[in-house]
Amino acid sequence: MKFGKLQDIKQVDFSLPQDSAKNTKLLTSNLLERQKPEIYVGAPTWGNKNWINKIYPLRTPPANFLKHYVLHFNTVEVSSFHYSLPAVETIQKWYNTAGPDFRFCPKFHQVISHKYQLYKCLDWVVKFYDAINLFENKLGMPFLQLSPYFSPQKMDVLELFFQKLPTHIPIALELRHPDWFREGYKEKMLQLLEQHKVTAVITDTAGRRDVCHLRLTTPHAFIRFVGNDLHPTDYARLDVWVVQLQKWINEGLQSLYFFIHSPEETHCPELIAHFIENLNKTCHLDVKSPRFIPQSTQGTLF
């Protein structure tokens with residue numbers, strides 16, 4: 001993910017904002033109905049050739065990447081939906097490749113989010129939902145990432161869009177225009193999402209600390225974390241997230257989708273492994289973690 005990427009992160013304050021009291025109220029209101037939370041942690045793609053001989057066997061062809069990905073992770077962002085809706089046969093193949101506990105999280109098509117910016121695009125919404133319904137029980141939380149030019153001046157368009165969306169599939173919304181996070185708009189936007197039971201995406205990236213707002217609008221969390229090539233701050237930030245998530249889980253969080261990005265996505269497995277190890281230990285969970293292929297080392301005579 002290039003959004004919020006900085007060449008120099010030395011001066012970045014990566015501290016998380018203070019947790020909102022509204023989060024506690026929202027989560028504890030569901031505590032009596034609470035079951036074990038569903039925790040999904042994964043990467044933004046399965047098609048990374050740099051994972052060959054890291055978590056994918058040597059000479060793994062791209063056609064088999066998903067087959068190996070699902071052995072290590074229990075969810076994935078499916079950004080291909082943003083550019084072109086896959087054929088029915090392709091989605092069915094993906095469905096058959098993944099196990100029953102795996103979840104696909106498709107990204108809304110760009111015609112909906114960017115070209116028409118939610119206006120007069122219901123035919124495309126129908127096409128998108130027809131496609132994602134093919135995932136059946138393996139459908140996770142689809143997410144709608146709006147154009148960085150979609151400002152609060154279009155809040156009425158956003159509300160109308162929510163009113164016309166099918167309600168049987170919960171979605172997450174990612175906003176990028178900075179005005180959404182300014183005083184006067186932020187709380188109105190969050191209240192709108194809460195009213196329509198839309199999960200607010202939380203994005204933790206170096207160059208846009210405003211989008212790491214730490215405000216839940218449903219008893220579900222959808223977090224996109226962007227690392228910096230295994231910089232020491234990557235690990236420290238993930239450890240802080242574990243502490244925050246432990247609090248939310250104890251208060252009644254029902255599900256978590258946590259996606260870890262890195263430049264070119266090369267180092268996602270390392271960061272995910274660190275995060276899951278700490279999360280499992282701290283929160284007494286048993287989330288699937290990537291298993292790395294042992295690397296041979298050249299011996300020496302002495």
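What you see is a predicted model; the values in this text were computed from it and never measured. We number each residue from 1, following the sequence as shown.
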Legend entry - Side-chain heavy atoms of L144 within contact of V198, under 4.5 Å: no
Inset, instruction - Go through L16 and C212 one step at a time and tell me if the side-chain contact (heavy atoms from CB on, under 4.5 Å) criterion holds. - result: CA-CA 7 Å; L16 293 181; C212 190; 3.6 Å; yes
Legend entry - Spacing of CH2 belonging to W180 relative to NZ belonging to K186, to within rounding of 0.5 Å: 13.5 Å
Inset, instruction - Decide yes or no for L122 and K164: does some side-chain heavy atom of the first lie under 4.5 Å from some side-chain heavy atom of the second? - result: yes
Legend entry - Over all atoms of both residues, closest heavy-atom pair of G227 and R237: CA-NH1, 4.2 Å
Inset, instruction - Using a strict 4.0 Å threshold on nitrogen-to-oxygen distance, state whether K127 and D130 make a salt bridge. - result: no
Inset, instruction - Measure the acute angle between the ring planes of W94 and F104, then classify it against the limits of 30° and 60° as parallel, tilted or perpendicular. - result: parallel
Legend entry - Side chain K138, main chain A98, donor-acceptor under 3.5 Å: yes
Legend entry - Contact check, side chains of S289 and E277, non-hydrogen atoms, under 4.5 Å: no
Legend entry - Electrostatic pair E77-R224, nearest N-O below 4.0 angstrom: yes
Inset, instruction - Output the distance between atom CG (D234) and atom NE2 (H274), rounded to the nearest 0.5 Å. - result: 9.5 Å
Inset, instruction - Sequence neighbours left out, what passes side chain to side chain contact (heavy atoms under 4.5 Å, CB included) with T205? Give chain and number order. - result: F3, T203, R208, V211, V226
Legend entry - Closest contact, heavy atoms only, L271 versus L238: O-CD1, 3.6 Å
Inset, instruction - Please state whether the rings of H109 and W124 are parallel, tilted or perpendicular, taking 30° and 60° as the class boundaries. - result: tilted
Inset, instruction - Rounded to the nearest 0.5 Å, what's the gap from CD1 on I9 to CG on N228? Could you check? - result: 4.0 Å
Legend entry - Common cluster, V70/V41, ILVMFWY with side-chain heavy-atom separation under 4.5 Å: yes
Inset, instruction - Decide yes or no for S79 and P44: does some side-chain heavy atom of the first lie under 4.5 Å from some side-chain heavy atom of the second? - result: no
Legend entry - Distance-only side-chain donor-acceptor flag, T266 / N50, under 3.5 Å: yes
Legend entry - Electrostatic pair D204-R209, nearest N-O below 4.0 angstrom: yes
Legend entry - The single option from K188, Q195, M189 passing side chain to side chain contact (heavy atoms under 4.5 Å, CB included) against L192: Q195
Inset, instruction - Over 60° means perpendicular and under 30° means parallel, so classify the ring planes of H114 and H82, tilted if in between. - result: perpendicular
Inset, instruction - Inspect the surroundings of CD in E159 and state if more than 12 heavy atoms from other residues, nucleotides or ligands are less than 6.0 Å away. - result: yes
Inset, instruction - Measure the spacing between OH of Y185 and CD of Q153 and express it to the nearest 0.5 Å. - result: 4.5 Å
Legend entry - Side-chain touch P106/L139, heavy atoms, less than 4.5 angstrom: yes
Legend entry - Atom OH of Y119: over 12 foreign heavy atoms under 6.0 Å: no
Legend entry - Under 3.5 Å: donor-acceptor pair, side chain of N74, backbone of I39: yes
Inset, instruction - Kindly compute the distance separating CD1 (I171) from OH (Y129), expressed to the nearest 0.5 Å. - result: 5.0 Å
Inset, instruction - Please step through side-chain contact (heavy atoms from CB on, under 4.5 Å) for the pair T282 and V243, ending with a clear verdict. - result: CA-CA 8 Å; T282 302; V243 174; 5.9 Å; no
Inset, instruction - Please determine, by modelled atom types, if T60 and N64 share a side-chain donor-acceptor pair under 3.5 angstrom. - result: no
Inset, instruction - Flag the pair L190 / K22 as yes when at least one side-chain heavy-atom distance between them is below 4.5 Å, and no otherwise. - result: no
Inset, instruction - List in chain and number order the residues that pass ring-ring contact (aromatic ring centres under 6.0 Å, His included) with Y56, two or more places apart in sequence or in another chain; answer none if no residue qualifies. - result: W51, F65
Legend entry - Shared hydrophobic cluster for V125 and I91 (ILVMFWY, side-chain gaps under 4.5 Å): yes
Legend entry - Whether F161 and F108 hold their rings parallel, tilted or perpendicular, with breakpoints at 30° and 60°: perpendicular
Inset, instruction - Quick one: pull up CD1 in I223 and CD1 in I260 and give me the separation to the nearest 0.5 Å. - result: 10.0 Å
Legend entry - More than 12 heavy atoms from other groups under 6.0 Å of CG on D286: no
Inset, instruction - Evaluate the side-chain hydrogen bond (donor to acceptor under 3.5 Å, both in side chains) criterion for residues H220 and T218: first the C-alpha distance (whole Å), next the side-chain angles of each, then the deciding distance (0.1 Å), finally the verdict. - result: CA-CA 5 Å; H220 312 277; T218 70; 4.8 Å; no
Inset, instruction - Kindly work out whether a path of hydrophobic side-chain contacts (I/L/V/M/F/W/Y, heavy atoms less than 4.5 Å apart) joins F292 to L71. - result: no
Legend entry - Nearest non-hydrogen partners of P290 and I55, listed with the distance: CB-CG2, 4.4 Å
Inset, instruction - Please step through side-chain contact (heavy atoms from CB on, under 4.5 Å) for the pair K247 and T24, ending with a clear verdict. - result: CA-CA 9 Å; K247 178 178 182 293; T24 300; 3.3 Å; yes
Legend entry - Neighbour count >12 (heavy atoms, 6.0 Å) for atom CD, Q163: yes
Inset, instruction - Consider only side-chain N and O atoms of N23 and E251, and report whether a donor and an acceptor are under 3.5 Å apart. - result: no
Legend entry - Sub-4.5 Å side-chain heavy-atom contact between N53 and Q295: yes
Legend entry - Aromatic ring pairing F258/F275, orientation class (parallel under 30°, perpendicular over 60°, tilted between): parallel
Inset, instruction - Apply the test side-chain contact (heavy atoms from CB on, under 4.5 Å) to residues I202 and H213: give CA-CA distance (whole Å), side-chain angles for both, the deciding distance (0.1 Å), then the verdict. - result: CA-CA 6 Å; I202 300 170; H213 53 81; 3.5 Å; yes
Inset, instruction - Can you see which heavy atom on T75 is nearest to which on F102, and at what distance? - result: N-CE1, 3.4 Å
Inset, instruction - Answer whether the closest heavy-atom distance between the side chains of I249 and L285 falls below 4.5 Å. - result: yes
Legend entry - Flag, side chain of H72 to backbone of R291, donor-acceptor distance under 3.5 Å: yes
Inset, instruction - Provide the closest heavy-atom pair for H267 versus S262 in the form atom of the first, atom of the second, distance. - result: N-OG, 3.2 Å
Legend entry - Cluster link I272 to F259, ILVMFWY, side chain under 4.5 Å: no
Inset, instruction - Could you check V201, T199, L193 and say which one makes a side chain to side chain contact (heavy atoms under 4.5 Å, CB included) with L173? - result: L193
Inset, instruction - Taking atom types as modelled, find out whether D101 and Y40 have a side-chain donor-acceptor pair closer than 3.5 angstrom. - result: no
Inset, instruction - Assess whether atom OH of Y116 is packed by more than 12 heavy atoms of other residues, nucleotides or ligands within 6.0 Å. - result: no
Inset, instruction - With sequence neighbours left out, write down each residue that passes salt bridge (charged side-chain N to carboxylate O under 4.0 Å, His left out) with K54, or none if nothing qualifies. - result: E270
Legend entry - Y69 with I276, same ILVMFWY side-chain cluster at under 4.5 Å: yes
Inset, instruction - Give a yes-or-no answer on whether the side chains of D19 and W248 include a donor-acceptor pair shorter than 3.5 Å. - result: yes
Inset, instruction - May I ask you to check whether over 12 heavy atoms, not counting those of E136, lie within 6.0 Å of atom CD? - result: yes
Inset, instruction - Return the minimal non-hydrogen interatomic distance between M141 and P170, and the atom names on each side. - result: CG-O, 3.7 Å
